[in-house]
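In each ligand, atom 1 is the first atom listed, and ligand 1 is the first ligand listed. Only a predicted model underlies this, so the values are computations on that prediction, with no experimental measurement involved. In what follows, residues are counted from 1 in the order of the sequence shown.
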Amino acid sequence: MRRYGTLGGAAMLALVCSGAGLPPYLLPGAEEPASHLASTVDANPPGALGARTVLGLPRHRQAQAVADATAAYAKRLERAEARRVVAAKRWGLRRAPLRAPAPPAHKPKLATEPGHLSGPGLPPVIVRAPTEDKVVFLTIDDGADKDPKLLDMLRELDVPYSSFVTDYVARDDYGYFRRAHRNGSGVHNHTVTHPELPRLSYRQQRAEICRQQDNLEREIGERPVLFRPPYGAYDRDTLRAAASCGVTAVPLWAQEAFPDRIEWGRADRKFHPGDIILTHFRGPGEWDGTMTDMVRRVLDTATEQGFALARLEDYL
Ligand SMILES: [Zn+2]
């Protein structure tokens with residue numbers, strides 16, 4: 001699966017340039033070849049190249065080989081960033097979105113958000129990921145409106161997002177979500193029919209959640225590990241049922257985004273590190289605007305507050 005670039009372009013450039021005189025094993029990228037690259041950069045990191053090509057050469061030629069590879073890599077990153085700036089302009093953003101820092105090397109231990117149900121063996125219910133990085137996460141629910149421009153915009157801007165998909169509105173075109181998945185987006189569980197789960201028996205809840213696990217595994221090719229209950233409504237049976245078919249976390253949300261506004265979860269009307277943002281696959285039928293208008297609002301607001309969008313699956 002493709003993964004999004006996660007290290008800020010400028011930061012990566014600085015690292016790469018400052019690494020020009022280092023031995024190959026100290027160069028950035030030597031340990032983690034592809035995951036920090038922008039998906040638009042079809043490059044091998046210079047560390048890997050250096051390690052292969054310079055062994056056995058005299059020292060000054062080693063240094064030259066590494067410097068050449070590093071310069072070529074920096075050039076490719078620069079071009080990828082330039083393409084992103086052009087895309088930002090084309091999609092009407094005020095500035096190119098900030099690049100997220102590298103994700104944590106080890107996923108943090110999740111703790112249930114205060115005020116939510118928890119217990120042994122139950123997946124944690126969260127509204128933010130535990131991080132101090134200035135990153136937030138865009139999550140898009142249901143799946144009724146399948147605006148192709150949304151996928152184009154997020155791909156061209158190299159912005160990560162995660163989908164929580166309900167079968168009865170998604171099933172007429174799972175191909176749309178397969179495309180999103182190919183672009184690097186996580187596709188997760190939002191039940192078969194979008195019921196208010198606490199009104200159902202344990203068996204009924206289990207059918208709603210576990211059948212959608214099976215549907216998504218069949219349609220997308222990957223069994224989800226994240227589940228979001230419709231309306232954020234759940235009880236202990238919901239969490240037990242979700243755990244029984246492979247769900248490891250239940251992300252709710254801290255903010256909700258619309259084309260014309262953001263509904264803030266806190267009085268300071270600001271993003272906080274790790275906040276999860278909810279929005280929906282909806283269009284002008286229900287909204288005062290399009291999905292791309294909504295993304296523009298989220299990105300411009302995040303950029304203005306110094307936040308980058310990051311990949312939720314890298315943190316949970
Ligand atoms: Zn929903």
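Using a 4.5 Å heavy-atom threshold, the side chains of Val187 and Pro224 count as separate. Here the side chains of Tyr202 and Ser244 are in contact, with some heavy-atom distance below 4.5 Å.
Defined by atom type and a distance below 3.5 Å, a donor-acceptor pair is present between the side-chain atoms of Asp167 and Tyr174.
Of all protein N, O or S atoms, those under 2.8 Å from the Zn ion (ligand 1) number 3.
Listed by first then second residue, pairs satisfying salt bridge (charged side-chain N to carboxylate O under 4.0 Å, His left out) with a partner in residues 239-251 read Asp237-Arg240, not counting sequence neighbours.
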Result block: side-chain N/O donor-acceptor pairs under 3.5 angstrom for residues 100-118, not counting sequence neighbours:
unit_1, atom_1, unit_2, atom_2, d
Lys107, NZ, Glu313, O, 2.9
Lys107, NZ, Leu316, O, 3.1
His116, ND1, Tyr234, OH, 2.8

Could you give the side-chain donor-acceptor pairs of residues 298-306 under 3.5 Å, partners two or more places apart or in another chain?
unit_1, atom_1, unit_2, atom_2, d
Asp300, OD1, Arg94, N, 3.0
Thr301, OG1, Arg297, O, 2.6
Thr303, OG1, Leu299, O, 2.7
Glu304, OE1, Arg94, NH2, 2.9
Gln305, OE1, Phe271, N, 2.7

